[in-house]
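The chains referred to below are lettered A, B, ... by the order of the sequence lines, with proteins before strands, and numbering in each begins at 1. For clarity, every value in this text was computed on a predicted model and none was experimentally measured.
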Number of protein chains: 2
Amino acid sequence: MMTAHDDLKIEQMPQTLREIVLGRMRGAILSGRFASGERLVERTLCDQLGVSRSVVREVIRILEAEGLVETMPNRGPMVATLDWSRARQIYDIRLLLEQSAAAACAESADAATKAKLTEALQAIAAAFTSGQSLTLAEATTAFYRVIFLSAGQDIAWEIVQRLNGRISRLRALTLATSERNVSGLARMTRIHDAILSNDAQAAALAVRDHLTEAASIAERLLKSEEP
Amino acid sequence: MMTAHDDLKIEQMPQTLREIVLGRMRGAILSGRFASGERLVERTLCDQLGVSRSVVREVIRILEAEGLVETMPNRGPMVATLDWSRARQIYDIRLLLEQSAAAACAESADAATKAKLTEALQAIAAAFTSGQSLTLAEATTAFYRVIFLSAGQDIAWEIVQRLNGRISRLRALTLATSERNVSGLARMTRIHDAILSNDAQAAALAVRDHLTEAASIAERLLKSEEP
DNA sequence: TGTTGTCTGATGGTATACCAAAGTCACTTA
DNA sequence: TAAGTGACTTTGGTATACCATCAGACAACA
């Protein structure tokens, strides 16, 4: 149903400068544009982004609360570093939350949810064959979003997203690892199938295997690069 | 060993104004000094706190990221409200994390940990008898902190603390509820005993019962006050 | 009565100034 | 030569003034 006034709608919704800068800086950290441990000098950022210190400082507070930035007294903010003991904890928490969400989703999934899930899986498959790791990460995120939101667990989803941000560098590497390509799609398919057959236990098991493997790959990568 | 220069030591170690204001405002929200849904006008806060807008704005960004404050476009920040569907999710997540932490703690607890746990339990018992609900909340927090940190799960502890902040009003009411006083201490003691006998499964079960009861009390309170 | 214009208050955004703390580095002195 | 000293620079912390925009209230007017 398309009426005349729809054409007049303002597209550019009021996105504040702060949100733009937040997205820009978050992306810069997640993509590795700002290296792990790199200092974030306020005035330099102001120049690079073309905004005032007020905006930069508020954005840094948000990133700090998200765990992406750490601030040392009288030294200023720097990109948070990640050691294996922390990464392991994050994988453990993700395991708990994602198992629970997958089980809940499997129990309550209706036809619409299943359709969305299949669609998301196909996007992942496409990203696998095309080999674009950025697309793959987005498709994987979309897959899990369907699981969490259809299970009515939006707060858990927020937490998982935040945790994923903190291990984003690892996650990108893990997804790009070749061994993952072999079995990764198969494991995602297993999760998908379990939910489609409303088998909560199988879904939880599939998630467990998937995450356990991801964690072990991450461990090897992390320990190999900085021992 | 007391030497002359010890007298010259500056007591007030570098706590930034921002941290002070953050603690003050967080406390004001958690204690109900700022009502749920109340608007937080920046310049009014500046007057009340005696600081500049820069500080207030940065603190609001932090509280926003913590989920204690919600900001509507062109309306400004307000204290976040809590409905049962969200509170239920928070109790579910706490259940997962606290069960896991209690089990891990039970498996790995050594003598020192057990001693600290017993000490924390005694503090809870003292708070129960004295009937001070603020002290009780702090003692309960300390009890769980021992569990999480001795299990090496400091990230999960961060998450639980943040979630507890969002349901703090409920939590205070729950702890103060009389039925809880009857069984509450018994349940905490059950958790304590399970960990001291290194029985992971019993610890997880005790936590589950404890939280399930807290959630059901919270549900009644929340649904009775705003249906 | 309903529309319109105006006004006020609050926010978002920016720039700037000042101060304090910490690091740097050359210079002086024992 | 080596240690200490003091000035300079960088950076973070805080305060304040200014402007644009938006929402809600309210009065004037047709």
Side-chain angles (χ1 to χ4, degrees), chain A residues 5 8-26 28-29 34-35 37-81, chain B residues 4-5 8-26 28-29 34-81:
Chain A
H5 73 274
L8 300 178
K9 202 164 188 177
I10 304 295
E11 290 304 328
Q12 188 200 358
M13 278 307 280
Q15 192 177 19
T16 68
L17 194 54
R18 177 170 11 97
E19 288 172 64
I20 298 173
V21 171
L22 175 61
R24 201 77 62 118
M25 285 197 56
R26 193 191 277 131
I29 294 175
F34 290 144
E38 180 175 340
R39 289 187 59 183
L40 299 173
V41 180
E42 291 181 4
R43 288 170 170 84
T44 307
L45 291 174
C46 292
D47 292 341
Q48 291 175 346
L49 293 160
V51 298
S52 75
R53 272 182 78 197
S54 320
V55 180
V56 169
R57 286 178 65 91
E58 288 180 32
V59 167
I60 285 177
R61 294 307 150 234
I62 298 174
L63 294 173
E64 207 178 345
E66 288 182 1
L68 262 52
V69 163
E70 286 172 350
T71 298
M72 321 252 299
N74 296 320
R75 292 280 323 228
M78 56 178 55
V79 179
T81 56
Chain B
H5 73 271
L8 301 177
K9 199 163 184 178
I10 304 297
E11 291 304 329
Q12 187 198 358
M13 275 314 276
Q15 191 177 21
T16 67
L17 195 52
R18 183 177 56 245
E19 288 172 64
I20 299 172
V21 170
L22 175 61
R24 201 77 61 120
M25 283 198 56
R26 192 191 278 130
I29 293 176
F34 288 145
S36 192
E38 181 175 338
R39 288 186 60 180
L40 299 172
V41 181
E42 293 183 1
R43 286 170 172 86
T44 307
L45 292 173
C46 293
D47 291 343
Q48 291 176 346
L49 292 159
V51 296
S52 74
R53 270 184 74 200
S54 321
V55 181
V56 170
R57 286 178 63 92
E58 289 181 32
V59 167
I60 285 177
R61 295 308 150 233
I62 299 174
L63 294 173
E64 206 179 347
E66 288 182 3
L68 262 54
V69 164
E70 285 171 351
T71 298
M72 318 258 294
N74 296 319
R75 292 281 320 230
M78 55 177 54
V79 179
T81 57

The side chain of Arg57(B) lies closest to which of these nucleotides: dT14(C), dG13(D), dG12(C)?
dG12(C)
Does Ser52(A) contact dA15(C) through a side-chain donor or acceptor facing the base, at a distance under 3.5 Å?
no
Pairwise side-chain contact, Val69(A) with Ile29(A), heavy-atom cut-off 4.5 Å (strictly under):
yes
So do Glu66(B) and Leu63(B) actually touch side chain to side chain, heavy atoms under 4.5 Å?
yes
Just how far, in rounded Å, is C1' of dG13(D) from CG of Leu22(B)?
15 Å
Tell me what Leu40(A) touches on the nucleic acid: a base, only sugar-phosphate, or nothing, going by heavy atoms under 4.0 Å.
sugar-phosphate
dT16(D) C1' sits how many Å from Glu42(B) CD, rounded?
14 Å
Please report, rounded to the nearest Å, how far the C1' atom of dG13(C) is from the CD atom of Glu58(B).
14 Å
Answer with yes or no whether Arg18(A) presents, from its side chain, a donor or acceptor under 3.5 Å of a partner atom in the base of dG12(C).
no
Tell me the interatomic distance from Arg43(A), atom CZ, to dT9(D), atom P, rounded to whole angstroms.
14 Å
What is the distance, to the nearest angstrom, from the CG atom on Asp47(B) to the P atom on dA10(C)?
11 Å
Which nucleotide in the set dA15(D), dT11(D), dA10(C) lies at the smallest distance from any side-chain heavy atom of Ser54(B)?
dA15(D)
Checking all strands, does Arg53(A) fall into the base, sugar-phosphate, or nothing category for heavy-atom contacts under 4.0 angstrom?
base
With a 4.5 Å cut-off on side-chain heavy atoms, are Ile60(B) and Leu45(B) touching?
yes
Asp47(A) versus Arg43(A): any side-chain heavy-atom pair under 4.5 Å?
no
Among dA10(C), dT11(D), dT14(C), the one nearest Val51(A) by side-chain distance
dT14(C)
Presence of Arg61(A) side-chain N/O under 4.0 Å of dG13(D) phosphate oxygens OP1/OP2:
yes
Starting from C1' on dG12(C), measure out to CG on Leu17(A) and report it in whole angstrom.
9 Å
Any side-chain heavy-atom pair from Glu64(A) and Ile62(B) closer than 4.5 angstrom?
no
